[in-house]
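Read the structure below first, then the notes.
What you see is a predicted model, and the numbers here were worked out from it, not measured in a lab. The analysis underlying the following values was restricted to heavy atoms, covering all of them including side chains, and did not include hydrogens, waters or symmetry mates. So you know, we letter chains A, B, ... as the sequences are listed, proteins then strands, and number each from 1.
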Amino acid sequence: QTKWDMPTPYAATNFHTENIVQFATDVEKATGGKLKIQVHANASLFKAPEIKRAVQGGQAQIGEILLSGYSNEDPIFGTDSVPFLATSYADSAKLWKIQRKYIEERFAKQGMVVLFSVPWPPQGIYSTKPLAAIADMKGLKMRAYNPATSRIAELAGAQPVTIQAAELAQAMATGAVNANITSGATGYDTKAWEVVKNYYDTQAWLPKNLVFANKKAFDALDKATQEAVVKAAAAAEARGWKVSEEKTSFYLAELKKNGMNVQAPTAQLKADFQKIGAQMTGEWLKTAGPDGKAIVDAFKK
Amino acid sequence: MRRALETLYDAAARAAAFFMVGVLLMVLASVIGRLVGFNLRGSDAYAGYCMAAAAFLALAHTLKRGEHIRVNLFLERFGPKVSRALELWSHAAGSVFCLVLAVYCVRLVWQSHAFNDISQGNDATPLWIPQLAMAAGAIVLAVAMIDDFVLHVRGRHTRASREAEAELKLME
Amino acid sequence: MDLAITAVLIAFLFALLASGLWIGLALLGVAWIGMELFTSRPVGDAMAVTVWGSMSSWTLTALPLFLWMGEILFRTRLSEDMFRGLAPWLTKIPGRLLHTNIIGCTIFAAVSGSSAATCATIGKMTLPELKKRGYPEEMTIGTLAGAGTLGLLIPPSIIMIVYGVTAEVSITRLFIAGVLPGLLLAALFMGYTILWSLANPGRIPEEKEHLSFGQRVYASRHLIPAVSLIALVLGSIYVGIATATEAAALGVVGALAISWLQGSMSRKVFGESLMGATRLYCMIALILAGAAFLTLAMGYIGLPRHLAEFIAGLGLTPFWLLFALMVFFIVLGCFLDGISMVVLTMGVILPTIQKAGIDLIWFGIFVVVVVEMAQITPPVGFNLFVLQGMTKKQIPWLAKVSLPLFLLMVLAVGLLYFFPGIVTWLPARM
Ligand code: NA
Ligand code: NA
C-alpha cells in the first residue's frame, strides 16, 4: 500500500476541499486501497505558499494551489487572473483547455504532473462606498495583495493598501480599507456583510485552483493505479466546475439575504473596467512572451 | 582565534539588531502608507524577512550570553561531575542539531534558487535572498555551539557569561 | 500503535529536556526522531521550509515589537511611575499591588494579541518593582503567568483569527464573545489573589503612606504616560489607523517618544533596549521554530488527528464530549502550542461539534481558554519560557506557582458551560 500526503490551503468545509476529499476517496476505492491519499486541509501540513515547493521537493506527493498565486514566478500561471479576459464559466473552461498544455509543460519541467483544476466563482468588488463609475473609486483604499491587484487599484485611481486577508474584516470595519476584489464565495465564508454593504458582480476573472502530483511519486505507481488517479482527477474536475458554477448564485443570494447590496455593475462602471482590462491584458502580453500571445490568440479566436 | 570568533558573533548580533529595526520600519511603512497615501509594495513581506533575519542572526550571541533557556535542574543538583557530563552531552547533541539545522538551511537557500521560488506577494522577492540571512545565522549558531563544546571539553568554559549575570542582578 | 508512538516521543522529549538541552533544540530533536521512526518522508527539507515559513510569517511580527516596547518601558521611568499612580488605589484591597499584574495584563491584553508578549511586557514592568517592595515571588510570578494568557482571550487575539478562519465563523463576533469571559477570568484571578492574601496576611508588605482621596487622585497623574501609551495603541486599532498586528509598531514609537519626553532615553538606553529585545525574541523564536517543526512532524505522523478522530467516534453526549475534548487539549497543550493544536485537530473535531449542536462561537471561546491553559503547562508552555527567560527560575517551579491559575481556568470552563450566556450574550447584541 502506498500513502500520499496531500496538503491543501483551504478550510475543510470549502467546496474545493470537499471535492478533493471526494477525489481521495474515489482513488482509494478505485485502487482497492492500494493508494491512500491523506488530505491535510486548511494549510495544516504546509502553509499555502509552501505547498508547490513541498510537492516539487518530494516532501508531499500531491497538493493543491491557487494557480495565479504563482504569477510572480511565471506570468503564464497568472493567465486566468488577467482581468476581464475570461469572465464566464464557459470562457474560463475554454481558457483552461488552451492553457492546460502550457501549465503541464512547465510543471513537467519542474518534475510535477498536472491532475486537475477547478475555478473559484467570478471576482467582484466589495466596496464601502457605492460605485457608479470608476471615477468613484478615486482615493478609495483598496486591498492589493499581489502585483496584479496593485495595478488594478492604480489604474482605477484607488490607493492600493497592504493588509492581510485574516485582518481584512477588521480593517474594513474601521475604515482602514474601503474596497477589495474577491469572489462571492470568499465574501460568504468571511461574512462580508458584517463590515461592507456593496458588492458589484463585475465578474472580473475566475481564478483556478490546481491539483498536481510529484512526478517521481506518480511514476512509482503501477499503470492501473496511475490510470485510476487520472480517471478520478477527470471526474473531480467535472464535478468541481459544476459545483463552483452552481454555488455562484447561492453565494450571491446569501450575500443579498444578509442585507448586502448585490448589483451588476452600471454600464459606465463596466465600460471603465473593460478599459482597464484591455490595458492590463496588453501589459500582461508584454511579460508573458510568445506562449502568452499564443494562449490569448487561441482564446480570442 | 578567540578574537575572530567573538567578532563573528558580535557582527551577527549587530546585523540582527539592524533587522529588528527593519521590522519596525516595515510595519510603520504599512501604517503610514495607508494614512498618507503611498504604498511600499510588499512591506508586510519585508517585515517578515527582517523578523526571520533578526531571530536567526542573534542565535549565537544569545547562546553565548546564556539566554537561550534550558532545564538546568539536573545540571545544578548533582555535583560537578554529573554536571560536566551533562554539559558535554548537551553541547555535543546541541552541536549535532545545530549543524543539521545549518546544513538544511543552506540547502533551503539552494533549493529556493534552483526551484525559482518567488514570493507570491507584492514584493515578488526571489526567496533565496532573504533566506540567506537565516542560513548565515544557523551557521554562526553551529560555530558557537561547537566552540562552546570545545571549551567544555578543555574545561575552560565559564558558566553563562558575566555580563548576563550582571544583568540578572540589575533585575533583582 | 498510536499509544506506542506517543510514549516513545514523550520519553524522548523528557530525556532531551532533562539532560539540559536547549528547549528549542529539544523540540527539533524530538520532531526529527519522530519523523525518522514513524514516517517515510524526507525530514531535513521539510524542516527547513516549515521553519522559514513560521519565522517569516506576518502573524508573528507583533511579538518582537511588543517585546521591544517592553524593554523600552523597563528601562525608563514609566513602570515606576505606573506603580506610584496605582499604589494608592490598591492599598485597601487584600493583596494590594499583587493586583497590578492582573490589571496590567487585562488592559494590555486589549492591545496585544499574543500571550507571550503580554506576559513579557507587563512582567518587565511589574516583577522588578514588586520584588523591590517585598511581594512574595510565587504570587507575583504565578499571577503574571496566568494573567498573561488573557492576551489570547481579550481581543485582539491571533488564536481567534486562526480559529475563525478554520471554523468559518465571524472573527469580529469571536472577538466580542471573548470580552466577558476574559473579564471573568481576570475577576477569578483577582478573587484568588484576595483569598490568598487573607489566608497569608503576613506576606503582603504594608504600604507606608495612607493618602486622602484627593491625594490619591493627584498621585494618579503618574499614570498619564502609561495611559496615553495604551490609548495610542488601542486607539490606533479601533480608529482604523493600524491593524491588531501593526499596532505593536506604534507601541514601540510611543514608548520611545514618552521616554524621550521624560528624559530617560539616550543612545545607550536605546541600544540596550534593542539588544535586550532582540535576544529575548531570539530565545522565543528558537523555541517557536522547534515547535513549528514538531507540529509538522505531528501532521505527518497523524497523532493528534487520530486521537481527535477517536474522540469524535465515541458518540458522546455534549457534556462528556466537551469534557473529553478538554482533557485531550490539556494533554496536547503540554506538548504543542495553541495555534498548532487548533490547526491540527479542528478539521476532525468541528463536524462532531456541529452535529452535537454546540454553537461554534461558544466552542471557539472554549478552545481559546483551553489553549490559554497550554501556555502555562510544562514542559512546553510559552509563558513559562518567557518567565524563565526573565527570572531565571526553573520550569518545574514556574509550573508549580502557575498551577492554581491553571485550576481557575478549568473552573472558568465549567462556568462557561453552565452559563453559556457569558459567551453568547454580547455577540447576540451586535
Ligand atoms: Na488580546
Ligand atoms: Na503547555
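At least one side-chain heavy atom of C:N101 sits under 4.5 Å from a side-chain heavy atom of C:T140. Here the side chains of C:S259 and C:I72 are in contact, with some heavy-atom distance below 4.5 Å.
Counting heavy-atom pairs closer than 4.5 Å to chain B, the top-ranked of the candidates C:G240, C:A18, C:S236 is C:A18. Top candidate by heavy-atom pairs under 4.5 Å with chain B, chosen from C:A285, C:P396, C:P64, is C:P64. Considering only heavy-atom pairs separated by less than 4.5 Å from chain B, the leading option among C:W52, C:W32, C:W397, C:W58 is C:W52. Top candidate by heavy-atom pairs under 4.5 Å with chain B, chosen from C:D45, C:V43, C:I23, is C:D45. For the options C:A48, C:A26, C:S57, heavy-atom pairs under 4.5 Å to chain B are most numerous at C:A48. Contacts with chain B were tallied for C:A242, C:A249, C:G29, C:A248; C:A249 has the most, counting heavy-atom pairs under 4.5 Å.
Within the 4.5 angstrom heavy-atom criterion, only side-chain atoms of C:Y281, from C-beta onward, approach chain B. Contacts of B:L101 with chain C are made by both backbone and side-chain atoms, with heavy-atom separations under 4.5 Å. Both the backbone and the side chain of B:V21 come within contact range of chain C, judged by heavy atoms closer than 4.5 Å. No part of B:F19 comes within reach of chain C, as not one of its non-hydrogen atoms sits under 4.5 angstrom from that chain. Contacts of B:L35 with chain C are made by side-chain atoms alone, with heavy-atom separations under 4.5 Å and no backbone atom involved. Contact of C:L28 with chain B is made through the side chain alone, with heavy-atom distances under 4.5 Å. For B:A138, no part lies under 4.5 angstrom from a heavy atom of chain C. Residue contact with chain B, scored on non-hydrogen atoms closer than 4.5 Å, involves the backbone and the side chain of C:E246 alike. Proximity to chain C involves both the backbone and the side chain of B:M51, based on heavy atoms less than 4.5 angstrom apart. Contact of C:I287 with chain B is made through the side chain alone, with heavy-atom distances under 4.5 Å. Contacts of C:L16 with chain B are made by side-chain atoms alone, with heavy-atom separations under 4.5 Å and no backbone atom involved. In this structure, the portions of C:V49 lying under 4.5 Å from any heavy atom of chain B include both its backbone and its side chain.
Put simply, OG1 on C:T245 and CD1 on C:I158 are 7.5 Å apart, with the number rounded to the nearest 0.5 Å. Within the model, atoms CG of C:L286 and CD of B:E67 stand 13.0 Å from one another, a figure rounded to the nearest 0.5 Å. Note: C:L17 CG to B:S90 OG = 11.5 Å, rounded to the nearest 0.5 Å. Distance check: B:Q120 CD to B:T125 OG1 gives 12.0 Å after rounding to the nearest 0.5 Å. In this structure, OG1 on B:T62 lies 7.0 Å from CE on C:M275, to the nearest 0.5 angstrom.
A donor-acceptor pair shorter than 3.5 Å can be found between the side chains of B:S112 and B:Q131.
Centroid-to-centroid, the aromatic rings of B:W89 and B:H152 stay 6.0 Å apart or farther.
A salt bridge is defined here as a Lys NZ or Arg NE, NH1 or NH2 lying under 4.0 Å from an Asp or Glu carboxylate O, and B:K64 with B:D10 fails to meet this definition.
Residues C:Q388 and C:L398 approach most closely at N-CD1, 3.6 Å, considering heavy atoms.
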